[in-house]
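All residue numbers refer to positions in the sequence shown, counting from 1. We count ligands from 1, going down the list as the structure has it; atoms in each ligand are counted the same way.
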Amino acid sequence: MAFELPPMKYSYNALEPVIDARTVEIHHDKHHATYLKNLNTALENYPDLAASPLEKILIELNKVPEQIRTAVKNNGGGVYNHNLYWAAMRPGKEEKPGSFLLEAIEQTFGSNDLFKAEFEKAGLTRFGSGYAWLSLNPEKKLIIHSTANQDCPLTDGLKPILVVDVWEHAYYLNYQNRRADYLSAWWALVDWSEAEKRYSDALK
Ligand code: MN
């Protein structure tokens, strides 16, 4: 059993003008697909792991045999993080979170605008490659944080709600070095129904 990429919910050009079609195509068909290929290669001789849900493998990364642990961390994280990133977006205009998630955001961060500012800052200050996240911690509190490379919040005991990819490959064709512009434009693409669903599931 090999892992597969979930089908894209939209076409390559659907996220324009915020993210151009060429960036989405390369990001999905080259970067994401390569993580998938390398994950399947790493698990070739580990049929039990290859048959496990990817989430479970990343939660229990310390149980993965040492000789493939780094490959699984990088490529399993690369597959999972990108799955979440594509699912976090949809074509359209900026909307507010639904009332259930919005209330939690306001309670935790003061307001939706303060939340957005802190989230953008997490993405902007992530040195090098990585992601900015809204996650639920084990105390069921919302937190904003960032991760390096393809590290996955699941491995740190967190439940991811919303993610933005801040690797240069996610924005460089359109924005070059202007990561801040990509982050502020990105809100137009957020699928808040997906985030709210993840939040509800994470609370269970
Ligand atoms: Mn990426």
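- For a distance bound of 2.8 Å, the N, O or S atoms of His32 include none lying that close to the Mn ion (ligand 1).
- There is a side-chain donor-acceptor pair under 3.5 Å between Asn13 and Ser11.
- Electrostatic pairing of Lys204 and Asp201 counts as a salt bridge here, judged by a charged N lying under 4.0 Å from a carboxylate O.
- His32 has its ring centre no less than 6.0 Å from the ring centre of Tyr85.
- Here the angle at the Mn ion (ligand 1) defined by NE2 in His27 and NE2 in His169 stands at 90°, rounded to 10 degrees.
- For His27 and Trp86, the distance between ring centers is under 6.0 angstrom.
- For the pair OD2 of Asp165 and NE2 of His82, the angle at the Mn ion (ligand 1) is about 100°; rounding is to 10 degrees.
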